[in-house]
Amino acid sequence: MIIDDDDDLREALMDVMSAQGYEVAAFADARVALTALEEGPTPFLILLDLMMPGMSGWEFRAAQLANPKLLSIPVVVVTAANMLSDGVHTLSDLEILRKPFDVSTLLTTVARHAAAS
Amino acid sequence: MPWGGSKSTDRILMHLAEIGAGRCTITDDIVVAEPDPEMSQVLVGLLVLHEDLSYASRQRTEAETALRVVAEERERLLEDRRQAVEARDQFLAVAAHELRTPLTTLSLLADHLIAMQTPGRVADSGAAEIQKHHLGRLKRQVERLTALVAEMLDVSRITRGHLDLVPGPVDLRDVVHEVLDRFDLEITRRDVTVKVDAPGPVRGIWDAAHIDQVVTNLVSNALKYGAGQPIEVSVRAETSHAVIVVRDHGVGIPDNEQSKIFGPFTRAVAAKHHEGLGLGLWVASQIVQASGGRIKVDSRPKEGSTFTVELPL
């Protein structure tokens, strides 16, 4: 699952991963993604942007951890920011893909989580 | 008359105690009425002492006040500096985010395209279409980066006071149409209607490139914060000035934020929510002011914003 409000990046991530045969669900809105997770199938990985309108990546992670059904889904943070805290929530325990990254970094990360699932 | 002995000493000590407490019980009448000339002299001496002490005390109070003012000024300057550093850090964080996001997309799409070109790989029928689609998106990332770099250069020029205007004959109607033509793809992508009201030519002497920048920033703003609602752009000439109006019906700006939106590094809506560096309105206002005009906003939350630019004719 991809959660990123940047249309171009979200679509590029989706294209690259779909081309590798992954089934990808992509969301621009973290709140919508959360509902989809609660109601739909469980992904083996969530790629999470931090700076998003509405529900931020930090808030999404806090909501995810508060839900026993979702808390074990691995999350990789996709960010250009150096700060892993929004002042309220912190993400210091998470794996990070720092922008800009290339396809091989992305696919290595995704493949590792796919193998572990 | 002889010195009054211990009684006189008691009086002197009493007066001294009062003077020590910042008060004075000796009046001119008491000095005049004093029958003992020596005591009278002592009383005069005490009066002078009181005045000297009062003067010194006033001086000390004034010095303390001045010190307090200096300390407060220092604290204010430190606070200004703290805020400036915070604003700069925020700006750098936003700039890094804004630059790295399209760079990531560029990198991913380029890698993906290269992989598609790998010899031996069988191209399926949709490959050409996918490549065309990717190239279109690559181009858009380059445009995003170009716009960001241009915005950063504007900021750099303005902060160094190097906004050199080159005035020449301009028809604002042409400027508005050129800007909207450039936004054509973006307008289609966002599925927004833009209505232009420019009944006649609006000619004057301005710096065309910079006025283009002002209109570009206002239209970009209306698209970003217009919530997909129609946008209206109008240009008209009045008696002494030309007027450009850009109106959206989007998120609007709260009253308490309206005075700040033309300042640098102050985006009314949280910076992380929108593309760009959040300096467009500041850049626009600096250009308008340097052109001898003025810019204002009329806005209500959830109803939209109307930006009006007046340029001298």
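Below, all heavy atoms of this structure are taken into account, side chains as well, without hydrogens, waters or symmetry copies. Here is how names work: the chains are called A, B, and so on, in the same order as the sequence lines, proteins then strands, and each is numbered from 1.
Within a 6.0 Å sphere centred on CG of Leu135(B), heavy atoms belonging to other residues, nucleotides or ligands number more than 12. Heavy atoms of other residues, nucleotides or ligands lying less than 6.0 angstrom from CD of Glu23(A) number 12 at most. Applying the 6.0 Å contact sphere to CZ of Arg247(B) captures no more than 12 heavy atoms from other residues, nucleotides or ligands. More than 12 non-hydrogen atoms from other residues, nucleotides or ligands lie less than 6.0 angstrom from CG of Asp80(B). The 12-atom threshold is exceeded at CZ of Arg82(B), counting heavy atoms of other residues, nucleotides or ligands nearer than 6.0 Å.
Looking at heavy atoms from C-beta onward, Asp15(A) lies in side-chain contact with Arg137(B) at the 4.5 angstrom threshold. The closest side-chain heavy-atom distance from Leu9(A) to Leu108(B) is below 4.5 Å. Residues Lys99(A) and Leu103(B) are not in side-chain contact: their nearest non-hydrogen atoms beyond the backbone lie 4.5 Å or more apart.
Listed by chain and number, the residues in a side chain to side chain donor-acceptor pair (under 3.5 Å) with Glu95(A) are Arg112(A), His113(A) (sequence neighbours excluded).
Chain B is approached within less than 4.5 Å, heavy atom to heavy atom, by Pro100(A), Phe101(A), Asp102(A), Val103(A), Leu106(A) from residues 100-109 of chain A, ordered by number. Residues of residues 26-33 of chain A placed with any heavy atom under 4.5 Å of a heavy atom in chain B are absent; none qualify.
Sorted pairs that involve residues 63-80 of chain A and meet salt bridge (charged side-chain N to carboxylate O under 4.0 Å, His left out), not counting sequence neighbours, are lacking altogether.
Using a 4.0 Å cut-off between a side-chain N of Lys or Arg and a carboxylate O of Asp or Glu, Arg140(B) and Asp7(A) do not qualify as a salt bridge.
Rounded to the nearest 0.5 Å, atoms CZ (Arg98(A)) and OG1 (Thr104(B)) are 12.0 Å apart.
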